[in-house]
Structures are given as structure tokens and as C-alpha cells.
Amino acid sequence: MILDGMSTRPRTALAAALLLVLAGCGTGGTGTAEPGPTQTVAAPVTAERTHPPAPAPAAPTPAWTPPPLDLASLPVADPWAVLPRAVPDPDPGAVPSGQLVAPSTPAGAPLYDAPRGEAFALLPVAAYQGDTAYPVVAQEGDWYQVMLVVRRGLPSEVGPSGVNEATGWVWAGDVTTSTTDLRITATLSTGEVTLWRGEEVLARTGAGIGTPETPTPVTRTFVMSIYPDPNATYSRLFVTFGAHSPTLDQFSGGPAPIAIHAYPSHSGAISNGCLRIPADMLDAFAGVPLGTPVLITA
């Protein structure tokens, strides 16, 4: 790993590190092409953006008794974690279903390597800033396979294809469920980012994408956190994803998650992997609840 063990590192220092990481998204080349036309339709979201959708009514506790676990001994599945035992996403190019889960207690929920398998990490209530929800990619009975914000390996060790698409399994008795019809898509070939509610377009804009050396990953992920960075004067807010740069082991001393953010240049292959959009389009994408699924395609 590129950082100290998670059980001992101070969270305030980590928060500062990630702000520096995302501030670095603004560096890189400058584009010369003008962005395409933008479109905004109505107010995108009525939910409070710092919270995931409200949970569904609690279902009866499934008939399975989890083994005794010391949750404090499990590594936290946060953006700083590198977890080779995380399970690869079975279909990373598929449109997310909109089904979400969140830990049902402040302590978080154990992550297993298979239904009734072995616990390998702890799913936190807040992946970074603000309580989030985690999109479901598969279900087997009382078990949900969910997207994570961790890396399966460092780019220098596993190559670009081994970094993202980390998942784990949670038991239904440890989580609450909810659904959303919101999703964000990014098409890298056209440089277009779109916010959807079902099949309705709520907002669409041109965007700058990653360079060939620091590409935007083609994968499905989700909105991990939305917050201001006072050190980044080019963007009021960052809409941060659970996916990371597939080529950078670290950035400014921390991990390298990608994000949507505003930037004066917002067209062409110009970023370190982030999606740069016009400042007047930022509020639409920053209005979504945490946990909103994201699909990035070539």
C-alpha cells in the first residue's frame, strides 16, 4: 500500500490528503477545442444531496447467524484501501440497476468474499464525506454484491485493468436497501456527460476527459462524496466517484479517485482522469444523492 495502515492514520490528515488529490485533477494539458452545447432540463433532484435515498421498510432478518467478528480488526473499505481480496465486478460494462444498500449501524457492515464466505473488510457508513449508499451488482438470496471505493491493486503492480471494479458481498441482515432511478453516464468518445432520471435527460454537457497517459477509467462506479475544496478555485464542488485512476499509484500523497468538477478548459483529452465540465453545469451533477450509480463507457 502507498499509505500507512488505516487503523492508525488520523482521519483529519486523510481528508486533507484527498482534497489535495482532487485539487490535482485540475492540472494537466489545456484544450483548444470548444465544448459542445449544454442542456439542462428542470431541477435535477429534490433529495438532499448529502444523503443516499431513504431506506426501504426493513425486511425480516434472514435465517443466518453471522460468525463472531471483531469489526475493528477489519480494514476499512475507503478510498485509501488497496484490497486484493475484493471481488472483481462480474459485469463492469452493464448499466447499474439502481438498487442500493447501506450499513444498518454506525459501525458499518462486514464485507465477505462470497455469500457465507470469509470477511475481508468493513463497509463504512461514510466512504469519505457524508453517508453514502453502495450500488448492488448481483444478488444471491439474502446476499448482495456491492460496488466499493477501494482499489484491488496499484497500477504499477497489477496494470490498469486490475485497479478498479472492486466489489464485496454483504448479508441482508447487516444493511438497509433503497432504490434510485438517477444515474450519470459519461461517453469518452464524444466527451459527453449526462444525468438521467430513468430515460429522461435531466442535464447533459460536454466534458474534458483524461489524457492517454492518465485516462478516465472505463467502468461502472458511483458517487462517493460531494464537497467543496477551498484550495481549488477553479471548482466550487467536487462530485467524487469510487473509481480511481488506472495509471497513477498516488497523487499528491494520497489515492487518485476521479471526479466531476468545473474547469475553465473543458473539452478534449486534458485531465488526470477527472471529467471537467463548465461551471454553470456543476450544480446539476452536484445535486444527486450519494450512491448515485455512474457508468463510464468508451
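The residues of the chain are indexed from 1 along the displayed sequence. As the structure is a prediction and not an experimental result, all values here were calculated from the model.
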Ring-face cation contact, W196 with R204, 6.0 Å cut, 45° max
yes
Side-chain donor/acceptor of D249 to backbone N/O of L154, under 3.5 Å:
no
I need the full list of salt bridge (Lys or Arg N to Asp or Glu O under 4.0 Å) pairs touching residues 218-228, with sequence neighbours left out, sorted by first then second residue.
D89-R220
Would a single hydrophobic cluster contain both M147 and W80, if residues Ile, Leu, Val, Met, Phe, Trp and Tyr are joined by side-chain heavy-atom contacts under 4.5 Å?
yes
Return yes if a side-chain donor-acceptor contact under 3.5 Å exists between T219 and E165, otherwise no.
yes
Run the side chain to side chain contact (heavy atoms under 4.5 Å, CB included) test on I296 and I184 for me, step by step, so that the C-alpha distance in whole Å, both residues' side-chain angles and the decisive distance to 0.1 Å come before the verdict.
CA-CA 8 Å; I296 305 172; I184 295 171; over 6 Å; no
Would V163 and I258 show up in the same hydrophobic cluster when neighbours are defined by side-chain heavy atoms closer than 4.5 Å?
no
Is any side-chain heavy atom of P246 closer than 4.5 Å to one of P215?
yes
Any donor-acceptor pair under 3.5 Å linking the side-chain atoms of T179 with those of Q99?
no
Taking the six-membered ring for Trp, are the ring centroids of W143 and Y112 within less than 6.0 Å of each other?
yes
Work out which heavy atom in A121 is nearest to a heavy atom in A77; give both atom names and the distance.
CB-CB, 4.5 Å
According to a 4.5 Å side-chain heavy-atom criterion applied to Ile, Leu, Val, Met, Phe, Trp and Tyr, with indirect links allowed, do W169 and L74 form part of one hydrophobic cluster?
yes
Is the shortest heavy-atom distance from the side chain of T240 to the side chain of V149 under 4.5 Å?
no
Electrostatic pair D283-R236, nearest N-O below 4.0 angstrom:
yes
Please tell me if the side chains of T297 and L295 come closer than 4.5 Å, counting only heavy atoms from C-beta onward.
yes
With the side chain counted from C-beta on, respond yes when R151 and P255 share a heavy-atom pair under 4.5 Å apart, and no when they do not.
yes
Establish, yes or no, whether a centroid distance under 6.0 Å links the rings of Y128 and Y227.
yes
V125 with F222, same ILVMFWY side-chain cluster at under 4.5 Å
no
Could you see if V87 belongs to whatever hydrophobic cluster contains L100? Use Ile, Leu, Val, Met, Phe, Trp, Tyr and a side-chain cutoff under 4.5 Å.
no
